[in-house]
Amino acid sequence: MARGSNTPSVAVIGAGISGILVGIKLRERGITDFTIFEKGDGLGGTWRDNVYPGVACDVPSHLYVYSFEHNPDWTHRFAAGADIRRYYERTADKYGVTPHVRLRSEIAAADWQGNHWRLRTTAGEIYRADILISAVGRLHHPSYPDIPGLDSFAGETVHSARWRSDVATEGRRVGVIGTGSSATQIVATLSRTASRLSLFQRTPQWVLAIPNDRLPRWMRWVHRYVPGAAQRYYHKVAEQLAERTSVLNKGDRTDYDKAAQASLDLIKDPDLKRRMTPDYAPGCKRMVRSPDFHEAIQRPNVELVSTPIERVEADGIVTTDGRLHPLDVLVLATGFKVDAFMRPMTMTGADGVTLDEVWADGPLNYRSVTVPGMPNFFMINGPYSPGGSASIVSIAEIDTGYVMQCIDRIAERGVAIMPKLARSRELLEQVRARASKTVWITGGCKSWYLGPDGVPIVNPATLAELADELRTPDFADYEEVPLATARANAGDARVSIG
Ligand code: NAP
């Protein structure tokens, strides 16, 4: 890329909410020389992968959109997964991003060549791009439990994030392992039709009972036809959510704790309620929200199994009290391997340094967006992005605004940029120190928020704070890497679709 040429080529990894957004913003800037590499067979990321029964968003639908593309057609306060996926597919089409997506293309390796990134797919295709953007999301590698005998189960086993449409559950005995957001939605739905449902709980969760109201027709009409109405509503919901989430790590939590307790009080049987009562503070694990879980867990065909699992046998699960729970279907709602991020892809940056070396002690980064040693590399919703219940769509918009300014700089000056190592470490230590004082640690629980060293790998910053931090890049925190004159290998394809 020549100085001032203003036409960098860009490779984006992942065609979920963040990847589509990056595509929209690149096109807005007149950059059309880009490809979004997607390992799956469709757009939508987490909403393509998570198609389990009952999958829905627990962030209000009106906020779970790009701020520039409202959707007046949501029928419910919390939209179903399929509706969310359709919104993002439709938006990708409308903004001309879909033709830039290369499906079934998983990037296996990314190597900095001195003036561009060389990408290799798992199929062995080679591409090159001036700039590389990871938009892979934080929750996409399913975590499978290490339970003795799991492979010996004679019925059907399915992970929540890899649901198959041929898994029949109606009139059958279903076991669900896990009590997180995924399990809760699955239990609420399958318990309506399964002959018997056993929920295997290792740790009780705080579950906030929130009704999922059907939205009145007049509201949809107003959002569609009254200028500015959808936008005003978006900002109102955003403010409400910001207030609720900031209470988690600051200020008076009394109302928050009371709401969690009031939901638990919906459980009538004292023994069931006792077993469902967490011994840690609400908000320590990400709060589960559900309109119908409390009703579901009290159905006569549903049993909460709180005795630990000992092993799985051909016929079902055996708990440590020696009891066999016979099952036809076993659902593993056991979450995600969060610390994988964009791996197993390998990365080699400036001077041959690898991502595994840079991340040997955890995912070192600069403001969650860039990584020392990795020139012209950016992450959307990367490690140490805000946690809590902040909408990942809003985080993606803030990150993307920052990245676009960096791309302008790269194009104007004809350089590669990467964050300074010492500054990255300094800022990350500040984030980790703040995170260590939050309910995610002080609340007394373990969750996917915590890294292997027990310190959260999420940032307690509010969205407003993140927006402030990322409003304008401070290029004094970056080093400029002069572009080498090395040429791309003959035969390496540009990422351009043209
Ligand atoms: P999760 O919150 O990590 O929950 C995993 C569950 O599996 C936990 O209850 C865990 O127990 C249990 N588990 C894991 N390994 C186990 C084992 N070996 N034996 C017994 N139990 C085991 O995963 P998730 O429910 O998929 O949710 C992950 C995140 O995805 C959420 O926090 C949220 O950010 C997102 N999500 C969002 C929505 C939405 O509506 N927007 C819906 C679903 C998911 P322990 O607690 O004891 O570890």
Side-chain angles (χ1 to χ4, degrees), residues 16-17 45-47 49-61 63-64 76-85 137-150 158-163 175-189 198-208 210 212 241 245 276 278-280 283-293 304-312 317 319-320 330-339 381 385-393 395 440 443-450 456-458:
I17 292 174
T46 198
W47 301 103
D49 287 345
N50 286 273
V51 293
Y52 56 76
V55 63
C57 191
D58 63 4
V59 170
S61 320
L63 190 58
Y64 209 73
H76 286 78
R77 193 166 161 209
F78 299 105
D83 291 342
I84 297 170
R85 181 180 173 181
R138 283 183 273 181
L139 301 168
H140 64 116
H141 294 294
S143 169
Y144 289 87
D146 187 14
I147 301 174
L150 191 57
V158 60
H159 191 283
S160 54
R162 292 290 177 271
W163 195 267
V176 178
I177 301 181
T179 49
S181 306
S182 303
T184 308
Q185 293 178 339
I186 290 170
V187 168
T189 305
S198 309
L199 173 59
F200 294 88
Q201 166 188 283
R202 185 165 69 180
T203 312
Q205 288 261 20
W206 288 106
V207 182
L208 214 50
I210 298 193
N212 189 8
L241 191 72
T245 44
M276 286 177 64
D279 62 0
Y280 54 87
C284 182
K285 288 173 184 275
R286 182 181 184 274
M287 186 63 97
V288 178
R289 300 187 200 84
S290 172
D292 43 10
F293 175 72
L304 177 83
V305 181
S306 51
T307 310
I309 295 172
E310 186 178 284
R311 62 181 186 278
V312 179
I317 288 183
T319 40
T320 53
L330 178 54
V331 180
L332 308 174
T334 44
F336 300 87
K337 286 190 276 190
V338 179
D339 57 353
N381 265 301
S385 289
S389 299
S391 161
I392 60 119
V393 193
I395 297 171
W440 301 327
C445 74
K446 288 208 173 94
S447 75
W448 69 259
Y449 286 162
L450 305 184
I457 46 169
V458 286

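Order of listing sets the numbers, starting from 1, for every ligand and every atom in it. None of the values given here were measured: they were computed from a predicted structure. Only this structure's heavy atoms are used, side chains among them; waters, hydrogens and symmetry mates stay out.
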For A183 and ligand 1, does the shortest N/O to N/O distance drop below 3.5 Å?
no
Classify the contact between K446 and ligand 1 as side chain, backbone, both or neither, using a heavy-atom distance cut-off of under 4.0 Å.
neither
Hey, does Q205 come in under 3.5 Å of ligand 1, counting only N/O atoms on both sides?
no
Considering non-hydrogen atoms of the protein only, which is the closest contact for atom 31 (C) of ligand 1, and what is the distance?
W448 NE1, 3.7 Å
So the atoms of ligand 1 within less than 4.0 Å of a heavy atom of G180 turn out to be 2 (O), 4 (O), 9 (O), 25 (O)
Looking only at protein heavy atoms, which one is nearest to atom 36 (N) of ligand 1, and how far off is it?
S181 CB, 4.0 Å
With heavy-atom distances below 4.0 Å as the criterion, list the atoms of ligand 1 near I177.
20 (C), 21 (N)
Between A56 and ligand 1, which part of the residue brings a heavy atom under 4.0 Å of the ligand: side chain, backbone, both or neither?
backbone
Taking the non-hydrogen atoms of R289, is any one of them nearer than 4.0 angstrom to ligand 1?
no
Under 4.0 Å between heavy atoms, the region of F200 that gets near ligand 1 turns out to be neither
Strictly distance-based, threshold 3.5 Å: is any side-chain N or O of T179 a donor or acceptor partner for the main-chain N or O of P204?
no
Taking non-hydrogen atoms only, is A333 closer than 4.0 angstrom to ligand 1 via side chain, backbone, both or neither?
backbone
Can you check whether I392's main-chain N or O pairs, donor with acceptor, with N381's side chain at less than 3.5 Å?
yes
Please state which protein non-hydrogen atom is closest to atom 17 (C) of ligand 1 and give its distance, to 0.1 Å?
R202 NH1, 3.4 Å
Does S447 reach the main-chain N or O of K285 with its side chain, forming a donor-acceptor pair under 3.5 Å?
no
Okay, side chain of R138, backbone of S385: is any donor-acceptor separation there less than 3.5 Å?
yes
I need the nearest protein heavy-atom contact for atom 12 (C) of ligand 1: residue, atom name and distance, please.
G178 CA, 3.7 Å
Between ligand 1 and S182, is the shortest N or O to N or O distance under 3.5 Å?
yes
For Y52, the ligand 1 atoms with a heavy-atom partner under 4.0 Å come out as 42 (C), 43 (C)
Could you identify the single nearest non-hydrogen protein atom to atom 9 (O) of ligand 1 and state the distance to 0.1 Å?
T179 N, 2.8 Å
Measure the distance from atom 35 (C) of ligand 1 to every protein heavy atom, then report the residue, atom name and distance (to 0.1 Å) of the closest one.
L139 CD1, 3.7 Å
Can you confirm whether Y280 sits close enough to W206 that some side-chain heavy atom of one is under 4.5 Å from a side-chain heavy atom of the other?
yes
Taking Q201 for its side chain and M276 for its backbone only, find out whether a donor-acceptor pair lies under 3.5 Å.
no
Start with the C-alpha gap between R77 and I210, add the side-chain angles, then the distance that decides, and say whether side chain to side chain contact (heavy atoms under 4.5 Å, CB included) holds.
CA-CA 10 Å; R77 193 166 161 209; I210 298 193; 3.9 Å; yes
Only heavy atoms of D58, strictly under 4.0 Å: list the atoms of ligand 1 that pass.
39 (C), 40 (O), 41 (N)
Counting distance only, does the side-chain N/O of H159 pair as donor-acceptor with the main-chain N or O of G335 below 3.5 Å?
yes
Less than 4.5 Å apart, any side-chain heavy atom of T46 and any of L139?
no
If the cut-off is 4.0 Å to any non-hydrogen atom of Q185, which atoms of ligand 1 fall inside it?
40 (O), 42 (C)
When you measure from atom 18 (N) of ligand 1 to every protein heavy atom, which one gives the shortest distance, and what is it?
P145 CB, 3.3 Å
Do any N or O atoms from the side chain of N212 and from the backbone of F78 form a donor-acceptor pair under 3.5 angstrom?
yes
Atom 1 (P) of ligand 1: which protein heavy atom is closest, and how many Å away?
G335 CA, 4.2 Å
After noting the C-alpha distance and the side-chain angles of Y64 and I17, does the key distance pass the side chain to side chain contact (heavy atoms under 4.5 Å, CB included) rule?
CA-CA 10 Å; Y64 209 73; I17 292 174; 3.7 Å; yes
Can you tell if the side chain of D49 reaches within under 4.5 Å of the side chain of R162, non-hydrogen atoms only?
yes
Across all chains, not counting sequence neighbours, the salt bridge (Lys or Arg N to Asp or Glu O under 4.0 Å) partners of D58 are R286, R289
Give a yes/no on ligand 1: does K285 have at least one heavy atom closer than 4.0 angstrom to it?
yes
